[in-house]
Amino acid sequence: MSLLLIAPDRDMTPWSEALQAEDPNLDIEIWPNVSDKKNVQFAVSWNQPKHLLDSYPNMKAISSLGAGVDHLLGDEALPESVTICRVVAPSLVQQMKEYVLGTVINIQRNLVQYIRQKDIGRWEARSHPLAKDVGIGILGLGELGRPVAQQLAQVGYTVSGWSRSEKNIDHVNTFAGADQLPNFLGQTQILICLLPLTPETNNILDLDLFKQLQNPSWIINVARGEHLVDEDLIYALDSGIIDGAWLDVFNEEPLPNKHAFWNRENIIVTPHIASITKPSEVADQIVENYKLSLSGMELNYKVDRDIGY
Ligand code: NAP
Ligand code: GLV
C-alpha cells in the first residue's frame, strides 16, 4: 500500500523527504509516477488535475496539503467514500498572524503611501487614526481567524469577528450567522476574510456587503479568490464605497497579466503567500492520519463534507 503525493504545480520531493523522515518504512509515490493505482490508500493533494481522484479504487482518505479543502470538495471526481482531512499547524497560524498584522498596520499608518511618496521625493505627513479607533472585522473565527483576531485585539485595535456558530473570545466582539452579519459589518472599517470557500461563502465579498461597511473601509482577502466579486470591487473603489483592497488570493491564479487589479494604486496584490505549509511542520500529522486511516480509525482534522470545511 502506498501514500500518493499529488500537486502538479509543486516540487513534492521535500514533502516525500519529510514524510520519509517521519517513517522510513513508508511507501511514498509522487504523481504522475504511480506504479500500481490499486496500492494507493491515502493521498496528500493540492490542486489535483480534474478526473483524477476517482481512479484509485482503494483510496481511503485524502489530506489537503493546506488549510483549505475547496479544491477537494469542489472536485466532481472525489468519491463519496473518501474521507477528507486538512492540516493544522502553529506555523500556519503564525504566518497568517504576521501577514494580517502587517497589512493592517500598513493601512492604518499609510505606509504604502509613504513608500510611494519616497519614490517621488515628496515629504507629506498624513493623519492616521489611533488603533483603538479602527474597527477591524474578521469573517471566520476558525483555526486562523481566531488567533488573528486575538492578536489584533492585543495590539489595541477594536476587533469583531463573525462565524457560523456563536463564540466567546476575550476582547473580541463576536457575531454569528446571517442575521448578525449586518451589525458586524456596520462596525467594521478593515474587513479581513478568513472564511473557507463553500457554497454559502462563495462571492460573499460583493457590492451589497461593501455598502454595509463603515466608511472609509478596506478589504483584506487572505482566504480564496472566489469569495470576492472582482467587478464589484472595482466598482466600489471607483465610486468611493471602499478605499482599498489588499489581496493575496484570486479567482484565477496566477493573476492574469491583463487583470484590472494590477493597475490600481489602491489594490495591493501578493501571490498567495500569506501562509505556506512547510512539509516538516505537518509531516507528523499526515503520517499519523495515514496510519489512522489504514486502521479504520477516525482521522484528526477531519472535514465535515456536509458543511464544506
Ligand atoms: P476553519 O478552521 O475551517 O474556520 C472557518 C471559520 O469560518 C469558522 O469560524 C467557521 O464558523 C466560519 N464559517 C464557515 N462558514 C461560514 C458561514 N457560512 N458563515 C459564517 N461563518 C462561517 O478555517 P481556517 O483554517 O481558519 O482557514 C480559513 C481559510 O483560509 C481556509 O479555508 C483557506 O481557504 C484560507 N487560507 C489561505 C491561506 C493563504 O495563504 N492565503 C493560508 C491558509 C488558509 P464556525 O467556527 O462556527 O464553524
Ligand atoms: C492555503 O491557501 C491553504 O489553504 O493552506
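Heavy-atom basis, side chains included; hydrogens, waters and symmetry copies ignored. Whatever order the structure lists ligands and atoms in, that order sets their numbers, starting from 1.
At under 3.5 Å, a nitrogen or oxygen of Arg164, whether backbone or side chain, sits near a nitrogen or oxygen of ligand 1. By the 3.5 Å distance cut-off applied to N or O atoms, Thr198 is not counted among the residues near ligand 1. Of the N or O atoms in Ala67, one or more lie within a sub-3.5 Å distance of an N or O in ligand 2. Geometrically, ligand 2 and Trp46 share no nitrogen or oxygen pair separated by less than 3.5 Å. Here's the thing with Gly68: one of its N/O atoms is less than 3.5 angstrom from an N/O atom of ligand 2. Taking only nitrogen or oxygen atoms, main chain and side chain alike, Thr277 does not reach within less than 3.5 Å of ligand 2. Note: no N/O pair closer than 3.5 Å links Asp70 and ligand 1 by distance alone.
Counting atoms of ligand 1 from 1 in the listed order, those under 4.0 Å from a heavy atom of Val249 are 41 (N). Ligand-side atoms of ligand 2 in range of Gly66: 5 (O), range being under 4.0 angstrom from any heavy atom. Below 4.0 Å from some heavy atom of Gly145 lie the following atoms of ligand 1, by number and element: 26 (O). Taking every heavy atom of Ala274 and a limit of under 4.0 angstrom, the matching atoms of ligand 1 come to 39 (C), 40 (O), 41 (N). For ligand 1, the atoms lying closer than 4.0 Å to a non-hydrogen atom of Asp248 are 39 (C), 40 (O), 41 (N). Near His272, meaning under 4.0 Å from one of its heavy atoms, ligand 1 places the atoms 39 (C), 40 (O), 41 (N).
Residues that satisfy the side-chain hydrogen bond (donor to acceptor under 3.5 Å, both in side chains) test with Gln214, not counting sequence neighbours, are absent from this structure.
Taking the six-membered ring where the residue is Trp, Trp246 and Trp218 present tilted rings, their angle falling between 30° and 60°.
Each of Asp75, Val44, Leu78, Val303 was checked for a side-chain contact (heavy atoms from CB on, under 4.5 Å) with Ile62, and the lone residue meeting it is Leu78. Leu205 pairs with exactly one of Asp230, Asn221, Leu195 by the side-chain contact (heavy atoms from CB on, under 4.5 Å) rule, that one being Asn221.
Of the listed residues (Met96, His71, Glu166, Arg86), the one carrying the non-hydrogen atom nearest atom 1 (P) of ligand 1 is Arg86. Taking all heavy atoms of Gly66, Gly142, Gly161, Cys193 into account, the minimum distance to atom 4 (O) of ligand 1 is reached by Gly142. For atom 40 (O) of ligand 1, the choice among Pro196, Ala178, Ser275 with the nearest heavy atom turns out to be Ser275. When Thr270, Val222, Thr277 are checked for heavy-atom proximity to atom 37 (C) of ligand 1, Val222 turns out nearest. The heavy atom nearest to atom 12 (C) of ligand 1, considering only Leu195, Leu144, Leu194, is found in Leu195.
Considering only non-hydrogen protein atoms, atom 2 (O) of ligand 1 sits nearest to Glu143 N, 2.9 Å. Of all protein heavy atoms, the one lying nearest to atom 33 (C) of ligand 1 is Arg224 NH1, 3.6 Å. From the protein, the heavy atom lying nearest to atom 19 (N) of ligand 1 is Trp162 CH2, 3.2 Å. Atom 10 (C) of ligand 1 has its closest protein heavy atom at Tyr309 OH, 3.4 Å. The protein atom (non-hydrogen) at minimum distance from atom 9 (O) of ligand 1 is Leu141 N, 2.9 Å. Among protein heavy atoms, atom 46 (O) of ligand 1 sits closest to Lys167 NZ, 2.6 Å.
The pair Asp232-Lys211 fails the salt-bridge criterion, with no side-chain N (NZ, NE, NH1 or NH2) lying under 4.0 Å from an Asp/Glu carboxylate O.
Of all the heavy atoms of Glu200, the ones lying under 4.0 Å from any atom of ligand 1 belong exclusively to the side chain. Contact annotation: for Ile276 versus ligand 1, there are no heavy atoms closer than 4.0 Å.
Of the possible polar contacts, one joining the Gln180 side chain to the Ala176 backbone as a donor-acceptor pair under 3.5 Å is found. A donor-acceptor pair is defined here as one N or O able to donate and one able to accept, closer than 3.5 Å; no such pair exists between the side chain of Glu29 and the backbone of Leu4. Proximity of a side-chain donor or acceptor of Ser163 to a complementary backbone N or O of Leu141 within less than 3.5 Å is not detected. Between the Gln48 side chain and the His71 main chain, a donor and an acceptor come within less than 3.5 Å of each other.
Nearest approach of Cys85 to Val69, heavy atoms of both residues: O-CG1, 4.2 Å. Minimum heavy-atom separation, Leu65 to Trp15: CG-CZ2, 3.5 Å.
Distances shorter than 4.0 angstrom do not occur between any heavy atom of Arg86 and any atom of ligand 2.
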